[in-house]
Amino acid sequence: MAVERLLTERDSAPPAGPAVLFTRLKVTSADERVFLGKLAVLAVLTCAGAVLALQTNLWAAGAGIVLLAAMFTHAVELQHQCLHHSAFRRAFPHRLVGVPLGMPLLVVYSHYRVRHLQHHRYLGTPQDTEFFGFDTRGPLTFRALLRGLLDYPRLGTVVAEIVRAATGRWTYAFGHIAPAMRRRIVTEHLLLGAAVASLAVLAALGHGEYVLRLWVLPLLLAVPMHFLVELPEHLLCDTETTDVLRNTRSIRGSWLTTWFTNGNNLHIEHHAAMTVPINRLGERHAEARSFAAHVERSYADFYRILWQALRSRPAAP
């Protein structure tokens, strides 16, 4: 599979109606500055979280751990923009920036990129390969949602893939990829493995409390936090169609949720033209509201709809 070709295959001609929703845009220098500003905010808030997490006061330490978990989650949403090469005008900075953004949450950039681009290409078909494990096409039950919320087995899967990469046994499970892409993925697994091993050494040398407060506890909290960010994208939408106006959801949200999810709330707009810089998606939201089937005002509205759907589901025989 040619990964770069996947970037444009789903940016197809729009159906009758929307005028700009499916229109592509190139990254400009202004878009780059916006993304660099987001990285700066991430760095400042991560440092603040680290300082708080190391305080002796338990309330301050707890607040710091929560803030770090939120930044781990936010970093993966920034990484998502790098996957699509919509943060910088040139290609090479995307991997340079994208690799470290995913490391706190154990997300390997190039592996995520290949699978996520397949998700865009095959959304609405059995070949959909979204990177994170919850399958929105399956039965909607409390148990399935709880498994997705507490998807700690994914962390063990990543460790196993690091071992396979280190022993030359790593393979891609969802089709063919070019040898150069496989080498990238293996290299990034090894980098992540080296980082995790370094933290383990620090803990063994008597610095375990730092590792616990600055990484382990935020990581455990970030897993369900990230799940709640990703869940609305396609859940309760039409999973049997390739029409982005029916198989994807957008949430208008507030400036805070739009920043925190890095525009992931405007998901119809993103799937309609996935190489458009995230900061430009808001310009298309009016058309999403006019033509799409699933547009909510807020995340609270979505979770109310989800609760109603869970309560009204047929009882198990």
Side-chain angles (χ1 to χ4, degrees), residues 1-15 21-22 76 79-80 83-84 107-151 153-154 156-158 160-161 164 170-178 181-182 185 226-251 264 266-275 288 291-295 302 305-306 309-310 312-314 316-317:
M1 180 199 316
V3 173
E4 296 300 331
R5 178 168 57 83
L6 294 181
L7 280 168
T8 57
E9 279 195 359
R10 288 301 300 268
D11 291 351
S12 55
L21 188 59
F22 292 80
V76 171
Q79 183 190 51
H80 169 250
L83 301 179
H84 289 284
V107 179
V108 175
Y109 171 80
S110 291
H111 192 200
Y112 184 13
R113 174 170 158 80
V114 171
R115 284 189 61 178
H116 186 69
L117 294 180
Q118 286 185 248
H119 162 66
H120 273 263
R121 184 182 186 188
Y122 294 118
L123 179 61
T125 76
Q127 290 75 42
D128 186 3
T129 57
E130 178 56 295
F131 186 75
F132 295 97
F134 185 77
D135 189 352
T136 58
R137 296 165 295 185
L140 180 62
T141 65
F142 284 106
R143 180 175 294 183
L145 288 171
L146 185 62
R147 280 199 304 266
L149 184 72
L150 304 177
D151 188 20
R154 184 190 73 82
T157 299
V158 175
E161 291 191 334
R164 285 195 288 272
W170 189 90
T171 58
Y172 185 62
F174 299 94
H176 172 75
I177 56 173
M181 181 56 68
R182 181 186 180 279
I185 294 172
H226 182 260
F227 171 80
L228 294 174
V229 168
E230 299 270 317
L231 186 63
E233 296 174 354
H234 306 289
L235 189 66
L236 300 176
C237 297
D238 186 348
T239 60
E240 302 298 322
T241 179
T242 58
D243 181 2
V244 71
L245 297 176
R246 292 189 289 143
N247 64 19
T248 304
R249 171 179 286 99
S250 279
I251 298 174
N264 197 52
L266 303 178
H267 214 62
I268 294 167
E269 297 86 334
H270 170 60
H271 269 270
M274 63 182 176
T275 57
F291 295 101
H294 303 282
V295 180
F302 165 75
I305 293 169
L306 174 59
L310 286 166
S312 62
R313 77 194 193 285

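A cation-pi arrangement, defined by a distance under 6.0 Å to the six-membered ring centre and an angle within 45 degrees of its axis, is present between Arg115 and Phe174.
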Practice task
Just do the side chain to side chain contact (heavy atoms under 4.5 Å, CB included) check on Ile185 and Glu161 with the steps written out, would you?
Solution key: CA-CA 10 Å; Ile185 294 172; Glu161 291 191 334; over 6 Å; no
Exercise for the section: Go through the steps for Leu83 and Leu117 under the test side chain to side chain contact (heavy atoms under 4.5 Å, CB included), then give the verdict. Expected result: CA-CA 8 Å; Leu83 301 179; Leu117 294 180; 5.8 Å; no
Problem - side chain to side chain contact (heavy atoms under 4.5 Å, CB included) evaluation trace for Leu140 with Leu145 - result: CA-CA 7 Å; Leu140 180 62; Leu145 288 171; 4.0 Å; yes
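Summarising the geometry, atom CD1 belonging to Ile177 is positioned 9.0 Å from atom OG1 belonging to Thr171; distances are rounded to the nearest 0.5 Å. Between the NE2 atom in His294 and the NE2 atom in His267 there is a gap of 13.5 Å [rounded to 0.5 Å]. Distance CD1/Ile305 to CG/Leu235: 10.5 Å, rounded to 0.5 Å. The CZ atom of Arg121 lies 12.5 Å from the CG atom of Asp128; values are rounded to the nearest 0.5 Å.
Contact of the Leu150 side chain with the Phe227 side chain is not registered, since no non-hydrogen atoms from C-beta on lie closer than 4.5 Å. Between Leu231 and Leu149 there is no side-chain heavy-atom pair separated by less than 4.5 Å. When side chains are defined from C-beta on, Tyr109 counts as touching Gln79, because their heavy atoms get closer than 4.5 Å. Put simply, the side chain of Val295 reaches to within 4.5 Å of the side chain of Ile268, judged on heavy atoms. Under the 4.5 Å side-chain criterion, counting only non-hydrogen atoms from C-beta, Glu269 is in contact with Leu21. With a 4.5 Å cut-off on side-chain heavy atoms, His270 and Asn264 do not count as touching. Counting heavy atoms from C-beta outward, His176 and Met181 have side chains that stay 4.5 Å or more apart. Between Asp243 and Asn247 there is no side-chain heavy-atom pair separated by less than 4.5 Å.
When every heavy atom of Arg246 is checked against every heavy atom of Cys237, the shortest pair comes out as O-CB, 3.5 Å. Taking both residues in full, the closest heavy atoms of Ala144 and Pro139 are given as CB-O, 4.0 Å, listed atom of the first, atom of the second, then distance. Considering every non-hydrogen atom in both Ala272 and Phe22, the closest pair reads O-CD2, 3.6 Å. Between Thr248 and Leu123, the shortest heavy-atom distance links the atoms OG1-CD2, 3.5 Å.
Under the 30°/60° scheme for interplanar angles, the aromatic rings of His84 and His120 are found to stand perpendicular. Using the six-membered ring where Trp is involved, His116 and Tyr112 have ring planes that are perpendicular, over 60° apart on the 30 and 60° scheme.
Enclosure of atom CD in Glu240 is not indicated, since only 12 or fewer non-hydrogen atoms of other residues, nucleotides or ligands lie within 6.0 angstrom.
His234 places no side-chain N or O within donor-acceptor distance of the main-chain N or O of Thr239, the cut-off being under 3.5 Å. Of the possible donor and acceptor atoms, one in the side chain of Arg182 sits under 3.5 Å from a partner among the backbone N and O of Trp170.
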